[in-house]
Structures are given as C-alpha cells and as structure tokens.
There are 2 protein chains.
Amino acid sequence: MIEYSRQPHYLVAVDCIVFGFDGEHLKILLVKRGLEPEINKWSLIGGFVGADESPDDAANRVLKKMTGLEGVYLEQMQIYGDPGRDPIERTFSVGYFALIDIHKYQAQLNDDYEAEWFLINDRPKLIFDHNQMVADARKKLRYKAALHPILFEMLPKKFTIPQLHILFEEVNDTKIDTRNFSRKITSTGLLIKLAEKDKTGSKKGAFYFKLDKKKYIANSQAFLNLIPNLRV
Amino acid sequence: MIEYSRQPHYLVAVDCIVFGFDGEHLKILLVKRGLEPEINKWSLIGGFVGADESPDDAANRVLKKMTGLEGVYLEQMQIYGDPGRDPIERTFSVGYFALIDIHKYQAQLNDDYEAEWFLINDRPKLIFDHNQMVADARKKLRYKAALHPILFEMLPKKFTIPQLHILFEEVNDTKIDTRNFSRKITSTGLLIKLAEKDKTGSKKGAFYFKLDKKKYIANSQAFLNLIPNLRV
DNA sequence: TTATTAATTGTCGTTTTGACAATTAATAAT
DNA sequence: ATTATTAATTGTCAAAACGACAATTAATAA
C-alpha cells in the first residue's frame with residue numbers, strides 16, 4: 001500500500017569521539033581498523049546500529065566493547081550523511097562525543113581493532129569524514145563545557161582545583177587566571193571539599209574535592225559562566 | 001569482502017518542526033497526511049532522504065515543497081531511531097527545527113498533504129513520536145534563543161522592539177520587563193534604528209528596526225544574555 | 001486642551017566580573 | 001633550626017552588568 005518499500009534503504013552507524021584527560025592534555029581514543037576498507041588506518045570508535053537497538057544503545061554497546069566502560073557521559077552530536085562519505089556503500093553515521101575518566105579505561109582484547117590514546121593536537125589522519133567529526137566534537141565540547149559542568153566527567157572521583165583548572169584551560173585552549181577560576185568554580189556550590197590533600201604536584205599540596213552529586217544532577221542544565229570573556 | 005552487505009538496512013527520513021510567529025503567539029506548521037498509514041492524522045513536515053542528497057538537502061527540499069520558501073533558518077536537532085517508532089518499517093528520522101517569517105509562507109498546492117498553522121500551545125496530537133519531537137524542538141529553541149540572536153528569523157525585515165519583546169516572552173514563556181529588555185537588545189549593537197514608525201499598535205508608535213546583517217553574521221555564535229534570571 | 005496609552009529613557013542599589021596582590025602551607029636547602 | 005622556595009589559596013577593588021522600579025515622551029482620541 002504505502003510507498004515505503006520503494007524508498008532506498010541505507011546503513012546506519014554510530015561513531016564516538018572519546019575524550020580523556022591525562023592530567024596535562026586532552027586526548028582522544030582511536031582504533032586501528034583490522035578490516036577492509038581502510039585496513040590499518042586510524043578511525044573513531046564506531047559500529048552499525050543493530051536491528052533492535054536505538055542509536056544511543058549502539059553507541060553504548062560500542063563504547064562498552066572498546067573501553068570496558070558502562071554508563072559513561074555520552075552526548076549525541078549530529079548526523080553525518082553526505083552521499084559518498086563511505087566509499088563502499090551509503091552509510092549514515094550518528095556522531096557522539098563521550099567523556100571518560102581515562103584511568104578507568106582498560107584496553108579490551110579485540111581481534112578486529114587496536115585502540116590507542118592520542119593527544120588531541122597530535123593525532124593521525126582519520127578515515128572518511130572522521131577528521132571533521134573530531135573537529136565538530138571539539139567545538140561542541142568547548143561550547144558545552146563553557147556553560148555546563150560536564151568536565152568533571154573526565155576526572156577521577158577525587159580531584160583538585162588545579163587539576164580542574166588545567167583541564168579547563170586545555171579544553172578552551174586559553175589561559176585562565178587561577179585565582180578567579182578557583183573562586184568561580186567553588187562558588188557554584190557543586191564541590192565538596194575533602195580533608196585530604198594531593199601532595200604530588202606541590203609542596204603545599206592541593207585539597208581534594210568531590211562532586212556534590214545531588215547538586216550536580218539538579219544543576220546539570222544550569223547555565224554557568226566558567227570562561228572569562230567568553231566568545232564562541 | 002567487507003561485511004557491510006550483511007548489515008540490516010533502514011529508511012532514513014527528515015522531519016521539520018517549523019516555527020512561526022503571528023505577532024502574538026508562537027505557531028507551528030503541521031500537515032494532514034493524505035497517505036497511509038495514519039491517513040488524515042496531523043504530522044510534522046517530513047520526507048525520506050533520497051539517494052543523492054544529504055539530510056540537510058532533504059530538509060530543505062521538503063521545506064521548499066511545503067512552504068515555498070528557500071534558505072530558511074534550519075538547525076539539526078537530533079536523530080530519532082527507536083526500533084518501532086514507525087509501525088510499518090524501521091525508519092530513522094533526523095529532526096530539524098526551522099524558523100520562518102510566517103508572512104512569507106504561502107500554502108502550496110499539494111494533493112498528498114494539507115498544511116495548517118497551529119498555536120504551539122493548542123495543537124492536535126501528532127503521529128508516531130512527533131509529539132516528542134515538538135517538545136524537544138521547543139526546548140532547544142528556547143535554549144538557543146536565550147544565548148544567540150536567532151529569533152529575528154521569525155520576524156519581517158522591519159520590526160519593532162515591542163514585537164521582539166512579545167516574541168521573546170512567547171518563546172520563553174515568561175514575562176520580561178520591557179524597559180530592561182529594550183536596553184539589552186539595543187546594546188547588542190545588532191539593531192539599526194529606522195526613521196519610520198509602526199503606528200498600528202499604539203498612539204505613540206514604535207520605531208522600526210532592522211538587523212545589522214554584518215554584525216549579525218559576525219555575532220551569530222556570540223553568547224548573549226537576553227533572558228533575565230535564566231535557568232534552563 | 002486634556003486625557004489616555006504605550007514607547008522610551010532614566011535611576012540606582014546590588015551583584016558579578018576580572019585584573020591584580022598578598023598570604024599561607026608545605027618541602028627543600030642551608 | 002632557619003630560611004628559601006614553590007604552588008595553593010584567600011583577598012582587594014574598580015568597572016561593568018544586572019534587574020527592580022520610576023519618570024518622561026510622543027502620539028491619538030476625547
């Protein structure tokens with residue numbers, strides 16, 4: 001009856017830009033393909049959307065498979081669907097960016113892929129339109145992180161203000177005054193100061209903080225102003 | 001060689017939430033389907049993505065066909081892809097929201113569809129997950145409009161501050177002090193005051209303004225703070 | 001001429017911002 | 001033990017932004 005069947009059918013995939021932070025620099029997780037086409041080339045973590053799963057399900061499945069992690073911060077970015085973006089067959093890909101605590105990551109044994117962390121500013125060329133995806137993801141991460149408290153997702157449970165500070169500078173690619181930053185971030189009320197100090201970075205040591213989960217969830221949609229003189 | 005062919009294939013569509021403003025209220029454009037399934041039910045403007053077009057192309061094509069308009073403000077929202085969202089066959093849909101000047105709209109003769117404007121707060125139930133799409137689009141419109149100067153897209157070339165004011169209140173579903181709003185919106189530097197006045201709404205008349213195109217383009221990504229006490 | 005109405009400009013205390021300085025808490029060197 | 005050193009933390013302050021609220025203005029209608 002209806003024309004559905006006459007319409008062309010396509011493959012639908014997901015690709016994840018996985019961001020991590022090693023304490024100094026922003027990194028992304030890439031995989032070396034063990035399959036044709038583009039065998040041995042670096043690419044984003046991705047996979048086809050199965051018959052019984054949503055794109056979100058697929059992204060979570062792929063992430064679990066490649067990082068061993070579940071319930072990570074995952075945000076849909078946009079769809080990539082130019083005809084010809086995949087040389088084999090027309091494929092739509094839903095781009096996601098993920099934020100993970102790099103220390104929780106554990107390499108998964110996998111015959112098809114070989115995963116590796118790269119500095120965001122020193123990464124290999126990627127297949128297809130994956131380079132564009134990374135650029136878009138970075139832009140969106142910067143945008144979102146300027147307004148919402150999401151960067152905690154890349155830090156361990158316990159973290160210090162200086163750690164946060166470096167992360168913010170790294171993501172926004174700018175210098176931020178430590179004194180003003182400290183005041184701003186604590187004034188959000190999202191942090192709980194712990195008794196313990198991290199002495200690895202300095203003689204004085206920096207107090208550990210943890211997230212106030214309740215407030216974090218309640219404020220996840222709130223607008224903040226974490227970046228001075230912000231212009232996107 | 002590669003497994004692509006063994007993967008399931010799907011339909012990919014676009015659906016557009018078309019927003020307009022009649023001077024008093026926010027409206028959306030809906031169509032009555034003349035096709036099975038869900039014949040005679042109201043739905044969003046949409047269509048399948050053709051073999052040689054991107055989702056953006058498809059959205060523009062569909063909009064042109066249903067409104068007669070080209071080059072309208074169009075923004076990708078998210079993909080809808082739950083299995084079973086379409087009862088006939090698995091279909092992914094890329095949701096877009098569009099902002100148009102309602103007065104430029106002209107009904108298109110179309111055998112398959114019948115289009116009509118509805119008040120955003122008094123609209124019929126829609127097919128499939130289209131109700132969710134409208135809710136999402138409204139939320140995103142509100143979010144975006146709070147930070148970026150996009151609502152001009154729904155007004156004529158010449159507009160008055162009071163018109164803008166009503167539109168902002170309508171989109172954000174809140175009362176905004178006229179005096180502070182006027183000061184804020186003019187201080188963005190995006191408006192050029194014209195000599196002419198609009199006398200239809202009051203005795204004193206309100207000055208017409210037009211957009212400073214150059215500054216508008218340059219600032220389209222700038223953060224503004226147009227809504228007082230903003231909490232999303 | 002006056003009343004009316006909505007647009008526009010003005011006032012002002014409070015809060016936020018961001019540039020910059022001073023202090024503090026630890027360890028390492030003397 | 002004392003001092004130097006270093007990074008974390010707290011402090012200062014002037015300028016700008018914010019938002020609650022009042023007064024004035026420009027037109028038409030009575």
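Within every chain, numbering begins at 1; the chains are lettered A, B, ... in the order of the sequence lines, protein sequences first and strands thereafter. Please read these numbers as outputs of a predicted model, since none were measured by experiment.
Mapping A:Gly205 and A:Arg183 onto DNA chain D via the closest heavy atom, the residue that lands nearer the 5' end is A:Gly205. Between A:Arg179 and A:Ser202, it is A:Arg179 whose nearest contact on DNA chain C lies nearer the 5' terminus.
A heavy-atom distance below 4.5 Å is found between the side chains of B:Val134 and B:Ile28. B:Val31 is listed as a side-chain neighbour of B:Met66, based on a closest heavy-atom distance under 4.5 Å.
Minimum atom distance to the side chain of B:Pro162 is reached by C:dA7, of the listed C:dA7, D:dT28, C:dG10. Among D:dG19, D:dA26, C:dG18, the nucleotide with an atom closest to any side-chain atom of B:Lys204 is D:dA26. Proximity note for A:Ser182 (side chain, C-beta onward) versus D:dG19, D:dA7, D:dT10: the nearest is D:dT10.
Look at NZ on B:Lys175: it is 17 Å from C1' on D:dG19, rounded to the nearest Å. Rounded to an integer number of Å, the gap from CZ of B:Phe207 to P of C:dT8 is 7 Å. Atom CG of B:Asp177 and atom P of C:dA6 are 16 Å apart (whole Å). Per the geometry, NE2 belonging to B:His165 stands 10 Å off P belonging to C:dA7, to the nearest Å. When rounded to the nearest whole Å, the span between NZ of B:Lys199 and C1' of C:dT4 equals 17 Å. We find that CD1 of A:Ile161 is positioned 14 Å from C1' of D:dA7, with the value rounded to whole Å. Taking atom NZ on B:Lys203 and atom P on D:dT28, their separation rounds to 10 Å, with Å as the unit. With rounding to whole Å, A:Leu164 atom CG is found 13 Å from D:dA8 atom P.
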**Message:** Before you tell me yes or no, could you show the steps for A:Phe92 and B:Phe92 under ring-ring contact (aromatic ring centres under 6.0 Å, His included), namely the whole-Å CA-CA distance, both residues' side-chain angles and the distance that decides it to 0.1 Å?
**Reply:** CA-CA 10 Å; A:Phe92 291 83; B:Phe92 291 83; 8.9 Å; no

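Judged by distance alone, the side chain of B:His25 and the main-chain N or O of B:Ile120 form no donor-acceptor pair under 3.5 Å. When atom types are taken as modelled, the side chain of A:Glu153 and the backbone of A:Ile150 share no donor-acceptor pair closer than 3.5 angstrom.
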**Prompt:** Pairing of DNA chain D as dot-bracket, 5' to 3': ( ) intra-strand, [ ] crossing, | other strand, . unpaired, with Watson-Crick or G-U pairs under 3.5 Å?
**Reply:** ||||||||||||||||||||||||||||||

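Checked for salt-bridge contact, A:Asp177 and A:Arg179 meet the test: a charged N lies under 4.0 Å from a carboxylate O. Comment: A:Glu116 does not engage A:Lys32 in a salt bridge, judged by the lack of any side-chain N to carboxylate O separation of less than 4.0 angstrom.
OP1 or OP2 of C:dA26 sits under 4.0 Å from a side-chain N or O of A:Lys197. The phosphate of D:dG19 (OP1 or OP2) has a side-chain N or O of B:Lys184 nearer than 4.0 angstrom.
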